[in-house]
Amino acid sequence: MKNNPCDNPLFSAIEKQSKFIKLSIDHLNLLNDMIPPVFREIQDSTLAIDRIMKSVSPHYKIFDTFEKIRRDIEQTEEDMEVFQAAIVELGYPPHYDVDIRQMRKIVKDFIEDKKQVVEYIDEFMALNYDATAMNEMLIKWDGKPFLERRIQILRNVVRAHNQGMYHLAVLGIISQYEGIIVDAFSITGHVNGHIQQILLEHLLKHKNVISFGFDKVIYDYYNSNILVSFRHGEELGANISRHAILHGGHTDFGTLPISLKVILLFDFLVDAIEELTPERIEEGMKAVEQQRNKKSKK
């Protein structure tokens with residue numbers, strides 16, 4: 001009986017390598033506007049591999065496999081967009097650490113009947129971000145120099161959250177939002193709402209391929225939840241309003257879901273700060289200076 005070339009160890013090794021190359025191409029395709037020459041060279045190399053392997057074996061159909069991978073990636077991107085909208089509508093900030101299969105289940109259930117997702121989303125998020133996940137997040141924070149002077153607060157926040165002391169966790173973490181953003185842009189002096197908006201725009205409203213567009217969603221989430229306007233005696237605009245909590249107008253924030261929401265949002269801000277370039281920091285500083293000069297002239 002004639003051996004199938006597909007059973008050859010060398011063939012298998014080349015096939016695995018080719019799959020890796022194609023996956024790299026698809027990722028580079030997302031960056032095509034920035035590095036088209038590199039992309040074209042790798043794509044040409046992959047086409048050459050495909051031609052060679054087809055001459056060796058008719059069973060070898062590398063681009064059939066690649067096409068399936070491409071469709072899967074496109075479907076993932078579509079699911080990610082729906083997931084962003086769904087999770088925000090459910091009151092949570094989008095976050096990276098959700099398994100693709102779990103994400104797709106949420107998307108599917110949300111499209112069919114979002115009421116059913118409302119019934120289980122808090123439990124799902126609590127299980128997905130359990131004490132182990134919180135401790136891993138803390139370890140990540142502990143290794144970042146720009147959080148060094150806040151790390152003891154953050155340790156206490158995670159400890160309080162894991163022990164069910166959610167009022168303390170929320171107060172501890174939400175009080176650090178403005179500080180880490182202001183520090184990231186080396187801003188000193190009085191910081192009002194206008195300056196916060198400027199810094200948020202320079203931190204989050206930019207093209208970030210790796211985040212699947214989360215940054216813009218987080219920007220909107222932050223504005224409509226954390227910075228939502230607040231007046232004593234009136235209905236709350238959001239249950240994680242920084243102003244309402246820190247000014248004592250909101251006292252029913254000691255719950256696991258609320259604590260988790262503000263911790264996950266903080267974690268996203270930390271990641272966004274790490275991606276800041278010197279150019280964007282300088283742009284943010286100049287924009288703040290212009291705002292202050294404009295105000296002083298008035």
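Reckoned from all heavy atoms, side chains included, excluding hydrogens, waters and symmetry mates. These numbers come from a predicted model, not from an experiment.
Between Val117 and Phe124, the closest side-chain pair of non-hydrogen atoms is not below 4.5 Å. Residues Ile174 and Ile226 form a side-chain contact, since some pair of their non-hydrogen atoms from C-beta on lies under 4.5 Å apart. A heavy-atom distance below 4.5 Å is not found between the side chains of Met125 and Leu90. Side-chain contact between Val182 and Ile195 is absent, with no heavy-atom pair separated by less than 4.5 Å. Using a 4.5 Å cut-off on side-chain heavy atoms (C-beta onward), Tyr120 and Asp109 make contact. In this structure, the side chains of Leu138 and Trp141 come closer than 4.5 Å at one or more pairs of heavy atoms.
In plain terms, the two heavy atoms of Val228 and Asn225 that are nearest each other are CG1-O, 3.2 Å. Minimum interatomic distance between Glu274 and Phe146 (heavy atoms only, all atoms of both residues): CG-CE2, 3.6 Å. Ala160 approaches Leu168 most closely through the heavy-atom pair CB-CB, 4.1 Å. Across all non-hydrogen atoms, the minimal contact from Ile153 to Gly172 is CG2-O, 3.8 Å. Ser175 and Leu246 get closest at one heavy-atom pair: CA-CD1, 4.4 Å. Across Tyr166 and Gly254, no two heavy atoms sit closer than the pair CB-C, 3.5 Å.
Under the side chain to side chain donor-acceptor pair (under 3.5 Å) criterion, Arg155 pairs with Asp142, Gln152, not counting sequence neighbours. For Asn156, the side chain to side chain donor-acceptor pair (under 3.5 Å) partners are Arg159, not counting sequence neighbours. Applying the side chain to side chain contact (heavy atoms under 4.5 Å, CB included) test to Lys286 and every residue at least two apart in sequence or in another chain returns Glu282. Annotation: ring pair (Phe, Tyr, Trp, His ring centres under 6.0 Å) contacts of Tyr92 (sequence neighbours excluded): none. Gln176 pairs by the side chain to side chain donor-acceptor pair (under 3.5 Å) definition with Arg150, not counting sequence neighbours. In this view, His232 and Phe230 satisfy the ring pair (Phe, Tyr, Trp, His ring centres under 6.0 Å) rule, not counting sequence neighbours.
Between the CG atom of Leu269 and the CD1 atom of Ile180 there is a distance of 5.0 Å, given to the nearest 0.5 Å. Between the CD1 atom of Ile281 and the CG atom of Leu199 there is a distance of 11.0 Å, given to the nearest 0.5 Å. Residue Asp271 holds its CG atom at 11.5 Å from CG of Leu276, rounded to the nearest 0.5 Å. In this structure, CE on Met137 lies 11.5 Å from CD1 on Ile139, to the nearest 0.5 angstrom. Remark: Ile218 CD1 to Leu204 CG distance equals 7.5 Å, nearest 0.5 Å. We find the CG-CD1 distance between Asn239 and Ile245 to be 7.5 Å, quoted to the nearest 0.5 Å.
Looking only at distances, no side-chain donor or acceptor of Gln196 sits under 3.5 Å from a matching main-chain atom of Glu178. For Asp267 (side chain) and Ile263 (main-chain N/O), no donor-acceptor pair under 3.5 Å exists by modelled atom type. Although no hydrogens or angles enter the test, the distance criterion places a donor-acceptor pair under 3.5 Å between the side chain of Tyr221 and the main chain of Gly91. For Ser241 (side chain) and Ala238 (main-chain N/O), no donor-acceptor pair under 3.5 Å exists by modelled atom type. A distance-only check finds a donor-acceptor pair linking the side chain of Arg292 to the backbone of His190 [under 3.5 Å]. Side-chain N or O atoms of Arg280 include one that pairs as donor or acceptor with a backbone N or O of His202 at under 3.5 Å. Listed for the Tyr177 side chain is a donor-acceptor partner under 3.5 Å among the backbone atoms of Val262. The backbone N or O of Ile240 sits nowhere less than 3.5 Å from a side-chain atom of His250 that would complete a donor-acceptor pair.
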Checklist line | Working for side chain to side chain contact (heavy atoms under 4.5 Å, CB included), residues Asp122 and Leu256 | finding: CA-CA 8 Å; Asp122 288 343; Leu256 190 157; over 6 Å; no
Next item on the list: For side chain to side chain contact (heavy atoms under 4.5 Å, CB included), just list the numbers for Leu154 and Ile151, CA-CA rounded to whole Å, side-chain angles, deciding distance to a tenth of an Å, and then say yes or no.
Entry: CA-CA 5 Å; Leu154 301 177; Ile151 197 62; 4.2 Å; yes
Next item on the list: Walk me through it: do Glu112 and Lys108 pass the test salt bridge (Lys or Arg N to Asp or Glu O under 4.0 Å)?
Entry: CA-CA 6 Å; Glu112 290 178 355; Lys108 179 177 177 294; 2.8 Å; yes
Checklist line | Steps toward side chain to side chain contact (heavy atoms under 4.5 Å, CB included) verdict (Ile100, Phe83) | finding: CA-CA 10 Å; Ile100 292 295; Phe83 174 75; over 6 Å; no
Checklist line | Chi angles and distances behind the side chain to side chain contact (heavy atoms under 4.5 Å, CB included) call for Leu260, Met134 | finding: CA-CA 9 Å; Leu260 188 54; Met134 289 293 104; 3.8 Å; yes
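Two different hydrophobic clusters hold Val170 and Met165 under the rule that ILVMFWY side chains link at heavy-atom gaps under 4.5 Å. A single hydrophobic cluster is seen to contain both Ile121 and Ile111, as judged by linkage of ILVMFWY side chains at heavy-atom distances under 4.5 Å, directly or through other members.
Between the side chains of Tyr222 and Gln197, no donor N or O sits under 3.5 Å from an acceptor N or O.
Shown here is Glu148, whose CD atom has no more than 12 heavy atoms of other residues, nucleotides or ligands within 6.0 Å. Annotation for Glu289: atom CD does not count as buried by contact number, only 12 or fewer foreign heavy atoms lying within 6.0 Å. Annotation for Lys114: atom NZ does not count as buried by contact number, only 12 or fewer foreign heavy atoms lying within 6.0 Å.
A salt bridge does not link Lys140 to Glu136: none of the charged side-chain nitrogens sits closer than 4.0 Å to a carboxylate oxygen.
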